[in-house]
Visitor: 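I'd like to ask you about the structure that follows.
Side chains are part of it too, since the values below use all heavy atoms of this structure and drop only hydrogens, waters and symmetry mates.
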Amino acid sequence: MKRLLLCALLLAFLIASPASALAKPGGPRLKEGTDKWGMGQVYVRKNGKWLNLTRFRNPHNIYDFSVSRDGRRALVHHMDFSPTRISVYDLETLKALHTWKPGAGGTWTWSKTGRIVLVNGCGTGCAQITVFRIDGGIIYQGPDNEYSESARIAINPSGEYAVFLPQMESMPDRPEIVRLDDGKIWTVKTEKLVAFDYEWLSSGTISITLLVPMDYPEDYYGGDIPVRINVSKYVKKHNPDRIYSGHAR
């Protein structure tokens, strides 16, 4: 038990940091509405007015929309006829830059540097991550995860990193941190402790809950140990374990 606690305390000492306030992306405001013909559109607030950004000419279903973190672009997930499409707009000129077919739906967000990130699969948020250029080219695609709530993919508030538990033959136990823009992956070393939950406390700090595994003596089993990781310090101190290979599309 002393060795177990020493491992956990050492891990916490090496990579812990205090939580800070959550980052909140700013920028132009978007809303969904209808035009004078009753068709659904996405509007952007500009110079004190709501302007029609999408200007669809035939009826569309609008599933999602968001502004990039630098406020320069917007994405809209929409469909008139199957399959669905992603359209990317320049918010200065209000012109469509690219429209492409993603091949899947899910949760869409922007990375810190303007990549488009899709999380989808076994009930959104727990299976696969795909990072696109704004023209729809795939930079890389992440692996499938366990079908469980604890195996969800969690993206930090600044859109720089994601954390997940990769799919294993048995219970997943080592969380992995992926840098969204280049697909580099760091596996968090947890000794023999099993990771079963995690959450971002801020853009730079993640809390991972470690569970004492069943192969420890019965007296030691059943506890859990929360560990905070300063992600920026961790990735600087450790080399990435691997990198996702991408492919253009």
Visitor: Side chains of Lys31 and Val44: does their closest heavy-atom pair fall under 4.5 Å?
Guide: no
Visitor: For the pair His78 and Phe56, name the ring-plane relationship: parallel under 30°, tilted 30 to 60°, perpendicular over 60°.
Guide: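 Taking Phe56 first and then His78, their aromatic rings sit tilted (interplane angle of 30° to 60°).
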Visitor: Just checking Glu32: does its CD atom have more than 12 heavy atoms from other residues, nucleotides or ligands closer to it than 6.0 angstrom?
Guide: yes
Visitor: Is there a chain of hydrophobic side chains (I, L, V, M, F, W, Y, each step under 4.5 Å between heavy atoms) that links Trp50 to Leu53?
Guide: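 Shared cluster, no.
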Visitor: Per the side chain to side chain donor-acceptor pair (under 3.5 Å) rule, which among Thr84, Thr107, Asp64 passes with His77?
Guide: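 That would be Thr84.
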Visitor: Are Ile138 and Ile116 in one and the same hydrophobic cluster, where Ile, Leu, Val, Met, Phe, Trp and Tyr link if side-chain heavy atoms are under 4.5 Å apart?
Guide: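 Yes, it is one cluster - the side chains of Ile138 and Ile116 are joined through contacts under 4.5 Å.
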Visitor: Does the pair Arg55/Asp35 count as a salt bridge with the N-to-O cut at 4.0 Å?
Guide: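 Salt bridge: no.
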Visitor: Assess whether side-chain contact (heavy atoms from CB on, under 4.5 Å) is satisfied between Leu118 and Ile129, documenting all intermediate values.
Guide: CA-CA 6 Å; Leu118 168 65; Ile129 186 168; over 6 Å; no
Visitor: Any chance the side chains of Thr130 and Gln141 put a donor and an acceptor closer than 3.5 Å?
Guide: yes
Visitor: Can Val227 be reached from Val188 by stepping across I, L, V, M, F, W or Y side chains whose heavy atoms are under 4.5 Å apart?
Guide: yes
Visitor: Between Trp186 (side chain only) and His238 (backbone N and O only), is there a donor and an acceptor less than 3.5 Å apart?
Guide: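 Yes, because the side chain of Trp186 sits within donor-acceptor range (under 3.5 Å) of the backbone of His238.
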Visitor: Rounded to the nearest 0.5 Å, how far apart are OG1 of Thr54 and CE of Met39?
Guide: 9.5 Å
Visitor: Side chains of Leu30 and Val67: closer than 4.5 Å at any heavy-atom pair?
Guide: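 Yes. Closest side-chain heavy atoms under 4.5 Å.
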Visitor: Nearest 0.5 angstrom please: Thr113 OG1 to Arg69 CZ, how far?
Guide: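 Answer rounded to 0.5 Å: 10.0 Å.
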Visitor: Is there a side-chain contact between Asn230 and Ser232, using heavy atoms and a 4.5 Å cut-off?
Guide: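 A side-chain contact exists here, since the closest heavy-atom pair is under 4.5 Å.
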Visitor: CG of Asp90 to CZ of Arg72: how many Å apart, nearest 0.5 Å?
Guide: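 Going from CG on Asp90 over to CZ on Arg72, the span is 7.5 Å.
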Visitor: Which value, rounded to the nearest 0.5 Å, describes the distance between Phe132 atom CZ and Leu75 atom CG?
Guide: 11.0 Å
Visitor: The test is salt bridge (Lys or Arg N to Asp or Glu O under 4.0 Å); show your working for Lys189 and Asp241 and say whether it passes.
Guide: CA-CA 11 Å; Lys189 310 303 187 291; Asp241 295 280; 3.4 Å; yes
Visitor: With a 4.5 Å heavy-atom cut-off, do Thr205 and Trp200 have their side chains touching?
Guide: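 When only atoms from C-beta onward are counted, Trp200 and Thr205 do not touch, as no gap falls below 4.5 Å.
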Visitor: Judged by atom type as modelled, is there a donor-acceptor pair below 3.5 Å linking the side chain of Ser111 to the main-chain atoms of Arg115?
Guide: yes
Visitor: Could you state the interatomic distance from CD1 (Ile86) to NZ (Lys101), rounded to the nearest 0.5 Å?
Guide: 13.5 Å
Visitor: Just by distance, do the side chain of Tyr43 and the backbone of Thr34 share a donor-acceptor pair under 3.5 Å?
Guide: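 Confirmed, Tyr43 side chain pairs with Thr34 backbone.
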Visitor: Please answer: with hydrophobic residues joined when any side-chain heavy atoms are less than 4.5 Å apart, are Leu91 and Val42 in the same cluster?
Guide: yes
Visitor: Could you pull out the closest heavy-atom pair between Asp182 and Lys184, with the gap in Å?
Guide: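 Smallest interatomic distance, heavy atoms only, reads OD1-N, 3.1 Å.
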Visitor: Evaluate the salt bridge (Lys or Arg N to Asp or Glu O under 4.0 Å) criterion for residues Glu92 and Arg73: first the C-alpha distance (whole Å), next the side-chain angles of each, then the deciding distance (0.1 Å), finally the verdict.
Guide: CA-CA 8 Å; Glu92 181 62 32; Arg73 299 186 175 103; over 6 Å; no
Visitor: I would like to know whether Trp108 and Phe65 meet ring-ring contact (aromatic ring centres under 6.0 Å, His included); could you show each step before the answer?
Guide: CA-CA 8 Å; Trp108 296 90; Phe65 50 87; over 10 Å; no
Visitor: Any chance you could measure Leu180, atom CG, to Trp110, atom CH2, to the nearest 0.5 Å?
Guide: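 Separation between the atoms: 13.5 Å.
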